[in-house]
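Just below is one structure, and these are the notes that go with it.
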Amino acid sequence: MGDLFAAYPIFGAFGVTLLLTFFSAIGATILGVVVVILRVSPVPLLQKLGALYVNIWRNTPLTLIIIAANIVMIVNLGFSFSESFSRDNLIWAVIALSVYHAAFVCEALRSGVNTVPAGQAEAARSLGLTFSQSLTLVLLPQAIRGAITPLGNTLIALTKNTTVATAIGVAEISGLQKTMMEDRPDLFVVIVLIVAVGFVVITLPMGLLTSHLSARLGVRR
């Protein structure tokens, strides 16, 4: 096992996985909040746009989205963020992961919105609050508290889905795993265990933290 850690940048590859997870989680959260606002908007057209976004991205394979980001955006349209092709792939992988998981963040938040009694929205309107004020002061804070567990599950799924980024050459752990297996088939079981344990070490605290937060902050009715 020591030979593997000496010969291959295993910790660096897990670092790329964490980098993808961190920035994709931020992007997916921001975009997911925007989409859920569309979905609960009183304007039918905006509701349909939000539903269209969710249905398109949720039902499109993530591998297809990431490969399209590489081939269409970088190769065909030339949308580059730097002179480094590998850095561009990393950035577009973050964008693709954010766009894809925003649909799931939206649905998690919408499930939280549905837990808020309708009377509270009516009370907010009777107090003269606008839609945006009702949303930011009444609905969303409670929706987030009610959606901590599904949001945590989405974050864990996002972490595991970063392995798809290897399809466009991002040097995360699953790509390195493939290289190690090809070079050292005699250590196949050890390599699988290293990667599996690494993901457990990353995702287990997420699950424990969201369970703890849900128990402490979740809205009890």
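- Between Val54 and Arg39 there is a side-chain heavy-atom pair separated by less than 4.5 Å.
- Hydrophobic clustering, with ILVMFWY side chains joined whenever heavy atoms are under 4.5 angstrom apart, keeps Leu208 apart from Leu158.
- Cluster annotation: Leu77 is connected to Ile95 through the hydrophobic network of ILVMFWY side chains, with a link wherever side-chain heavy atoms come within less than 4.5 Å.
- The backbone N or O of Thr210 lies less than 3.5 Å from no partner atom in the side chain of Ser214, so there is not a single donor-acceptor pair.
- Around atom CZ of Phe5, more than 12 heavy atoms belonging to other residues, nucleotides or ligands sit under 6.0 Å away.
- Distance check, rounded to the nearest 0.5 Å: CZ of Phe85 to CG of Asn70 gives 4.5 Å.
- Val192 and Leu204 fall into different hydrophobic clusters, where Ile, Leu, Val, Met, Phe, Trp and Tyr residues are linked whenever their side-chain heavy atoms come under 4.5 Å apart, directly or through other members.
- Looking at His101 and Asn161, their side chains come closer than 4.5 Å, going by heavy atoms from C-beta outward.
- Linking ILVMFWY side-chain heavy atoms closer than 4.5 Å, directly or via other members, places Ile91 and Ile30 in a single hydrophobic cluster.
- Counting all heavy atoms, side chain and backbone alike, Asn89 lies closest to Ile168 at ND2-O, 3.0 Å.
- Heavy-atom minimum distance, Leu20 versus Ala165: CD1-CB, 4.0 Å.
- A centroid separation of less than 6.0 Å is found between the aromatic rings of Trp92 and Phe81.
- Using modelled atom types and a 3.5 Å distance limit, the side chains of Tyr8 and Asp183 yield a donor-acceptor pair.
- Between Leu31 and Ser98, the shortest heavy-atom distance links the atoms CD2-O, 4.4 Å.
- From Ile56, atom CD1 reaches atom CG of Leu52 across 4.0 Å, with rounding to the nearest 0.5 Å.
- Side-chain contact between Leu97 and Leu62: present, with at least one pair of heavy atoms (C-beta onward) separated by less than 4.5 Å.
- Remark: Met181 CE to Leu187 CG distance equals 10.5 Å, nearest 0.5 Å.
- The salt bridge (charged side-chain N to carboxylate O under 4.0 Å, His left out) search around Arg184 returns Asp186, not counting sequence neighbours.
- Distance CZ/Arg110 to CD1/Ile37: 14.5 Å, rounded to 0.5 Å.
- Formation of a donor-acceptor pair under 3.5 Å by the Gln133 side chain with backbone atoms of Thr130 is found in this model.
- Using a 4.5 Å cut-off on side-chain heavy atoms (C-beta onward), Met206 and Thr21 make contact.
- The two residues Val33 and Leu109 make their nearest non-hydrogen contact at CG2-CD1, 3.8 Å.
- Closest non-hydrogen pair, Ser41 versus Leu46, comes out as OG-CD1, 3.6 Å.
- Val200 and Ile173 fall into different hydrophobic clusters, where Ile, Leu, Val, Met, Phe, Trp and Tyr side chains are chained together by heavy-atom contacts under 4.5 Å.
- At most 12 non-hydrogen atoms from other residues, nucleotides or ligands lie less than 6.0 angstrom from CZ of Arg87.
- Note: Phe14 CZ to Ile194 CD1 = 8.5 Å, rounded to the nearest 0.5 Å.
- Contact record, Pro141 with Leu135: CD-O, 3.8 Å, taken as the closest heavy-atom pair.
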| query | Going through the checks in order, is the side-chain contact (heavy atoms from CB on, under 4.5 Å) test met by Leu193 and Phe188? | reply | CA-CA 9 Å; Leu193 285 175; Phe188 178 87; over 6 Å; no

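- Contact check for Leu18 versus Ile202: side-chain heavy atoms found under the 4.5 Å cut-off.
- The CZ atom of Arg216 sits 11.5 Å away from atom CZ of Arg145, with the distance rounded to the nearest 0.5 Å.
- Formation of a donor-acceptor pair under 3.5 Å by the Gln142 side chain with backbone atoms of Val138 is found in this model.
- For the residue pair Thr159/Thr203, the side-chain donor-acceptor check at 3.5 Å is not satisfied.
- Contact of the Pro9 side chain with the Leu176 side chain is registered, since non-hydrogen atoms from C-beta on lie closer than 4.5 Å.
- Using a 4.5 Å heavy-atom threshold, the side chains of Thr162 and Val170 count as separate.
- For the pair Thr163/Glu172, a side-chain contact is recorded, criterion being any heavy-atom separation below 4.5 Å from C-beta on.
- Tyr53 places no side-chain N or O within 3.5 Å of a backbone atom of Ala102 that could act as its donor or acceptor partner.
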| query | Can you list the steps and then say if Ile65 with Val99 is a side-chain contact (heavy atoms from CB on, under 4.5 Å)? | reply | CA-CA 9 Å; Ile65 297 172; Val99 168; 5.5 Å; no

